[in-house]
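Some notes on the structure that comes next.
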Amino acid sequence: MNIKCKKDDLLSGINIVSKAVASKTSLPILECIMVEAMNGKIRLIANNIELGIETYIEGTTIEEGKAAFEAKIFSDIIRKLPQSDISIETDSDYKAKIVCEKSKFTIPYHAGDDFPYLQQIEKDHSIRISQFSLREIIRQTIFSISDNENTKLMTGESFEVKNNELIVVSLDGHRISRRKIALKGENSDMKVVVPGKSLIELSKIISGDSDNEVAIYFSDNHMLFEFDNTRVVTRLIEGEYFKISQMMAINNDLKVTVNRKELMGCIDRATLLIQETDKKPIIVSVKNDNNMYVRLDTNMGSLNEELEIKKEGNEIIIGFNPRFLMDALRVIDDEEIDIYLNDSKSPCFIKDSEENYIYIVLPININVAAY
């Protein structure tokens, strides 16, 4: 193989595919980035079996071929080379020369005959959304997946296409995040569970441009994302996702409308008194005076604060993990939010009028009489 390309183009391609390089594996080839020059195109590929990414870069192919480079040393070398054209030439002794201006590296490479290329996905079922929308949906739900591999389904997100809408749900046993977005055209109903780790890496490489689309293809065991010059294939998590419709249908006796930033600021100040070992709940009281009272007592001190609200319904005293509330508030863009409550043992709902977003947070059990 003998290729020439610009440093920026090569480094950009490396940064994209490196998200799928295996970090801990018994198969050294999975720690490599494959560089392939075929049919006048230069392709970079990485695949850790769960997630595979390939992208094409601009460049000139002098001689076709392929070479698998150990990802860390390869990316470190390219990153530190001068801002100029780079040539990569391999020989039959499995040595590769990387030349940029007056810098010349010689490093080993693998033939890559055992390198796992990306799974070929049938393109029978698909949807298209903007890169901006996909990245926002992931950002607004990914925080409530679980990292406990013993509950595998909770480590992923449910992607459901229903009635020409994409509905994305995540949960970890303490909270639920749900986002909904309308789709263009006619789309077949579909429901799969996508690994959270794959979605996190995907969100790092999509541009977030509202003018550029992502094509998403569904199959029984894999999902394919195509955008720009890049393909991302992820395995799906097997099993039927949790049924949350019953919880969504709970009637709530109290509706509170509050300024989102003011509530965030209040909770943020409260967390100054919480140490890592503390499991103290933040106590929220809503009374008949159109105020919300926020209280926290820890070994470091106490906080009492009140916020102006609009209120419809009964009074309540309820306790929450402050981090769970903050995680949801951070990803909502609305200036004012509606919070729906029932009693001290029932979940809290944060949602807009059209239910484009719904965040459910389970309360912490407290002795209401003490407050």
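Worth knowing before you read on, the calculation uses all heavy atoms, side chains too, and leaves out hydrogens, waters and symmetry mates.
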Item to check | Ion pair check, E240 and K243, cut-off under 4.0 Å | outcome: yes
Next on the checklist: Could you go through S219 and E122, starting from their C-alpha distance and side-chain angles, then the distance that decides it, and tell me whether this counts as side chain to side chain donor-acceptor pair (under 3.5 Å)?
Outcome noted: CA-CA 7 Å; S219 74; E122 295 292 332; over 6 Å; no
Next on the checklist: If only side-chain N and O atoms count, and only distance matters, is there a donor-acceptor pair under 3.5 Å linking Y340 with D253?
Outcome noted: no
Checklist entry - For the residue pair L341 and C348, what are the closest heavy atoms and their distance? => result CD2-CB, 3.6 Å
Item to check | Heavy-atom donor-acceptor pair, T61 side chain to E63 backbone, under 3.5 Å | outcome: no
Checklist entry - Is there a donor-acceptor contact under 3.5 Å linking the side chains of D338 and T257? => result yes
Next on the checklist: Pair N164, N187 - check side chain to side chain donor-acceptor pair (under 3.5 Å), show working.
Outcome noted: CA-CA 6 Å; N164 284 322; N187 300 275; 3.2 Å; yes
Item to check | Full working for side chain to side chain contact (heavy atoms under 4.5 Å, CB included) between V284 and I317 | outcome: CA-CA 6 Å; V284 176; I317 299 175; over 6 Å; no
Checklist entry - Are K41 and Y56 in a cation-pi contact, defined as NZ or CZ under 6.0 Å from the six-membered ring centre and within 45° of the axis? => result yes
Item to check | Electrostatic pair K80-D76, nearest N-O below 4.0 angstrom | outcome: no
Checklist entry - Once you round to the nearest 0.5 Å, how far does CE of M190 lie from CE of M223? => result 8.5 Å
Checklist entry - Is the shortest distance from a Lys or Arg side-chain nitrogen in K123 or E226 to a carboxylate oxygen in the other one below 4.0 Å? => result yes
Checklist entry - Charged N to carboxylate O below 4.0 Å: is that the case for K197 and E50? => result no
Item to check | R330 side chain near M264 side chain, heavy-atom distance below 4.5 Å | outcome: yes
Checklist outcome for this item: Between Y117 and N47, the two heavy atoms sitting closest are O-ND2, 3.4 Å
Item to check | Atom NZ of K280 with >12 non-hydrogen neighbours under 6.0 angstrom | outcome: no
Checklist outcome for this item: Rounding to 0.5 Å, atoms OG (S158) and CD1 (I176) come to a distance of 11.5 Å
Checklist outcome for this item: Tightest non-hydrogen contact, residues E101 and P82, listed as OE1-CB, 3.5 Å
Item to check | Side-chain (R178) to main-chain (V169) donor-acceptor, under 3.5 angstrom | outcome: no
Checklist entry - Is there a donor in the side chain of S170 and an acceptor in the side chain of T141, or the other way round, less than 3.5 Å apart? => result no
Checklist entry - Can D9 and K7 be counted as an ion pair, charged N to O under 4.0 angstrom? => result no
Next on the checklist: Using the rule given for side chain to side chain contact (heavy atoms under 4.5 Å, CB included), can you reason through V21 versus I33, listing the C-alpha separation, both sets of side-chain angles and the distance that settles it, and then say yes or no?
Outcome noted: CA-CA 7 Å; V21 172; I33 292 174; 4.0 Å; yes
Checklist entry - Between R231 and E54, is the closest basic N to carboxylate O distance under 4.0 Å? => result yes
Checklist entry - Nearest heavy-atom pair of I318 and S346: which atoms, and what distance? => result CD1-O, 3.8 Å
Next on the checklist: Let's go through R269 and E305 carefully: what are the C-alpha distance in whole Å and the side-chain angles of both, what is the deciding distance for salt bridge (charged side-chain N to carboxylate O under 4.0 Å, His left out) to 0.1 Å, and is it a yes or a no?
Outcome noted: CA-CA 10 Å; R269 285 186 287 276; E305 192 164 336; 2.5 Å; yes
Checklist entry - Quick check: does any side chain N or O of T90 sit under 3.5 Å from a backbone N or O of M1, one acting as donor and the other as acceptor? => result yes
Checklist entry - Is the F69-F74 ring centre distance short of 6.0 angstrom? => result yes
Checklist entry - Quick check: are there more than 12 heavy atoms from other residues, nucleotides or ligands sitting under 6.0 Å from NZ of K4? => result no
Next on the checklist: For E308 and N290, which I'm curious about, is there any donor-acceptor pair between the side chains at under 3.5 Å?
Outcome noted: no
Next on the checklist: For K97 and D91: C-alpha separation, side-chain torsions, deciding distance, then whether salt bridge (charged side-chain N to carboxylate O under 4.0 Å, His left out) applies.
Outcome noted: CA-CA 8 Å; K97 291 181 181 178; D91 62 25; over 6 Å; no
Checklist entry - R135 and I138: side chain to side chain contact (heavy atoms under 4.5 Å, CB included), yes or no, with the steps? => result CA-CA 5 Å; R135 193 168 72 172; I138 296 172; 5.8 Å; no
Item to check | Step-by-step side chain to side chain contact (heavy atoms under 4.5 Å, CB included) determination, N212 to F227 | outcome: CA-CA 8 Å; N212 294 328; F227 53 95; over 6 Å; no
Checklist entry - Among the clusters formed by ILVMFWY side chains lying less than 4.5 Å apart, do F115 and V35 turn up in the same one? => result no
Checklist entry - Shared ILVMFWY cluster between L272 and L263, side chains joined below 4.5 angstrom? => result no
Checklist entry - From E58 CD over to N229 CG, what is the distance, rounded to the nearest 0.5 angstrom? => result 7.5 Å
Checklist entry - When rounded to the nearest 0.5 angstrom, what is the spacing between CG in N48 and CZ in R235? => result 10.0 Å
Item to check | Nearest-0.5 Å distance that lies between atom CG in L183 and atom CD1 in I167 | outcome: 9.5 Å
Checklist entry - Taking the side chain from S75 and the backbone from A71, do they hold a donor-acceptor pair closer than 3.5 Å? => result yes
Checklist entry - Any side-chain donor-acceptor pair under 3.5 Å between S130 and E213? => result no
Item to check | Which atom of Y241 lies closest to which atom of G156, heavy atoms considered | outcome: OH-O, 3.9 Å
Item to check | Greater than 12 external heavy atoms within 6.0 Å of Y293's OH | outcome: yes
Item to check | Joint hydrophobic cluster, L44 plus I16, side-chain heavy atoms closer than 4.5 Å | outcome: yes
Next on the checklist: Does either side chain, that of T230 or that of T55, offer a donor lying less than 3.5 Å from an acceptor on the other one?
Outcome noted: yes
Checklist entry - So, E354 and N356: side-chain donor and acceptor under 3.5 Å apart, yes or no? => result yes
Checklist entry - Are F324 and H174 an aromatic pair by the rule of ring centers under 6.0 Å? => result yes
Item to check | Side-chain heavy atoms of Q131 within contact of D228, under 4.5 Å | outcome: yes
Checklist entry - Taking 4.0 angstrom as the limit, do E36 and R43 come out as a salt bridge? => result yes
Next on the checklist: Taking the cut-offs as 6.0 angstrom to the six-membered ring centre and 45 degrees off its axis, would you call K191 and F159 a cation-pi pair?
Outcome noted: no
Item to check | Side chain proximity check, V232 to L51, heavy atoms < 4.5 angstrom | outcome: yes
Next on the checklist: Can you confirm whether D189 is buried at CG, in the sense that more than 12 heavy atoms of other residues, nucleotides or ligands lie under 6.0 Å from that atom?
Outcome noted: yes
Next on the checklist: Check this for me, if you would: do K152 and E149 make a salt bridge, where the nitrogen-to-carboxylate-oxygen distance has to be below 4.0 angstrom?
Outcome noted: yes
Item to check | Interatomic spacing from CG in N314 to CG in N288 - rounded to 0.5 Å | outcome: 8.5 Å
Next on the checklist: For residues M326 and I332: do they belong to one hydrophobic cluster (side chain heavy atoms under 4.5 Å, members Ile, Leu, Val, Met, Phe, Trp, Tyr)?
Outcome noted: yes
Item to check | Salt bridge flag under 4.0 Å for residues K311 and D289 | outcome: no
Item to check | H110 vs C32 side-chain heavy atoms within contact, under 4.5 Å | outcome: yes
Checklist entry - Shortest non-hydrogen contact from I29 to G112? => result CD1-CA, 4.2 Å
Next on the checklist: Between F132 and I129, is there shared hydrophobic-cluster membership here, with clusters defined by ILVMFWY side-chain heavy atoms closer than 4.5 Å?
Outcome noted: no
